[in-house]
There are 2 protein chains.
Amino acid sequence: MPPTSETLTAERILEATEEVLRRHGPAKATVVDVARALGVSHGSVYRHFRTKAALREAVTKRWLDRTSQRLAGIVDAADRTPEQRLRDWLSTLFAAKRHKAGDDPELFATYTVLTDELGGVVHEHLADLTGQLTRIIAAGTASGAFHTPDPSATARAVFHATGRFHDPCHAREWTSPGIDAEFEAVVELLVRGLSREPGR
Amino acid sequence: MPPTSETLTAERILEATEEVLRRHGPAKATVVDVARALGVSHGSVYRHFRTKAALREAVTKRWLDRTSQRLAGIVDAADRTPEQRLRDWLSTLFAAKRHKAGDDPELFATYTVLTDELGGVVHEHLADLTGQLTRIIAAGTASGAFHTPDPSATARAVFHATGRFHDPCHAREWTSPGIDAEFEAVVELLVRGLSREPGR
DNA sequence: GGACTGACAGATATTGAAATCTGTCAGCCG
DNA sequence: CGGCTGACAGATTTCAATATCTGTCAGTCC
């Protein structure tokens, strides 16, 4: 609403877009709405983003990157064992997703729709996350805590096996009562599979 | 189309419903269509199924049960070790789902929509499948091949961890090139986690 | 008498005309 | 200039009238 006569930057447009998406949802959020929220004409928005799809892509990338960055801090925590870091990383990912989905279900649904449209950005995001996982697992392999001939493939396996706890298409299940126990059971099984000496 | 003057049975209605769903999809399949396909008035269909939802439920249950029955044969195969049975069972489940999704994508999408509506039937189906898994894992625990304090909870964990390879919301990914390797990697990790003496 | 029909009321879906949106661009304004 | 506007063409969405569907039931027909 405030036409804030500052310069029109891509950043300001992205912020306004997020706000419009939060208010109107993905289907009804138009670039005219975004321009109106900024007090400019929609032509100006097209100066910064070639198409509506590009704008949606940029705003989604920003949203996904916020999660990546939170997780990146766990990967290199030198004071924790690889197993602890793996457990932390998976728990934090699950908690972050569940938090996003629970806090503002509308906005979460919005981004779920957006990520469905935007194959490329999502693919990069997943590559980023499995890359982080690979570093933890490789560290574990180096220290002898984990045992796998191919940390990268194993990282993807761990990521896929925990999909129920971070993939948006399972968001509905994240509020069911037994979900935490289920998460623990899956992580336990995976950690046992990764460890050289399980069953202790 | 053929008014087949046989008696109108629930079974015949279910067959006609499946055909109408295959042709028209879930959104456009009406009970008037089903009646027309059978050469009767739609009032007659309501004699056998109280509501359209009940009809959809019955036809979906039939469809889900076909998968359950195929898998049930693997559970008690006396000539195979529990680990082999576990691998067989998971592979067969994946193959069956992928086959259904690939063969007739329209029909698969139709049933995916239906299962989304019908919480109860699907929940029963999942309970049935995890029950089968529990029996395999319990057999493995008894023979010393597997090691878990709670076969039922572990069965659910295995089922959830392999969700990417049987949950319809991942159907799109079942045609991607690396999917078989990914499946093997996840199963490998889980079997290792279940086994008392892995890493050999 | 019991399976079936077909007309009916209320709910839901389809349709097409009108409104809005996307993306462009010639021109304005500081 | 260089960022911005606003009118425009074609594509998409909305909305209300119209048609179809769901579920019921009194009545038909064998």
For Lys52(B), check salt bridge (Lys or Arg N to Asp or Glu O under 4.0 Å) against everything at least two apart and list the hits.
->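 Applying salt bridge (Lys or Arg N to Asp or Glu O under 4.0 Å) to Lys52(B) gives none.
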
Arg85(B): salt bridge (Lys or Arg N to Asp or Glu O under 4.0 Å) partners, not counting sequence neighbours =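 For Arg85(B) there are no salt bridge (Lys or Arg N to Asp or Glu O under 4.0 Å) partners, ignoring immediate neighbours.
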
Phosphate OP1/OP2 of dC4(C): any Ser44(B) side-chain N/O under 4.0 Å |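 No, Ser44(B) has no side-chain N/O under 4.0 Å of OP1/OP2 on dC4(C).
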
Residues 153-162 of chain A side chain polar contacts: donor-acceptor under 3.5 Å, at least two apart:
residue, atom, partner, partner atom, Å
Thr154(A), OG1, Thr148(A), OG1, 2.6
Thr154(A), OG1, Asp150(A), O, 3.1
Arg156(A), NH1, Ser152(A), OG, 3.2
His160(A), ND1, Arg156(A), O, 3.1
Thr162(A), OG1, Val158(A), O, 2.9
Thr162(A), OG1, Phe159(A), O, 3.0
Thr162(A), OG1, His166(A), NE2, 3.2

If we only count heavy atoms from C-beta on, is the Arg192(A) to His147(B) side-chain gap below 4.5 Å?
-> yes

Would you tabulate the side-chain donor-acceptor contacts of residues 119-128 of chain B under 3.5 Å, counting partners in other chains and residues two or more places apart, or write 'none'?
residue, atom, partner, partner atom, Å
His125(B), ND1, Ser68(B), OG, 3.3
Asp128(B), OD2, Ser68(B), OG, 3.3

Using whole Å, report how far [atom1] of [X] lies from [atom2] of [N].
X        : N       : atom1 : atom2 : value
Leu38(A) : dG3(D)  : CG    : C1'   : 15 Å
Leu55(A) : dC21(C) : CG    : P     : 15 Å
Arg12(B) : dA3(C)  : CZ    : P     : 16 Å

Results of ring-ring contact (aromatic ring centres under 6.0 Å, His included) for Trp89(B) - residues two or more places apart only | none

Quick one: what's the B/S/- string for nucleotides 7-30 of chain D, heavy-atom cutoff under 4.0 Å, read 5' to 3'?
-> B-------------SBBB------

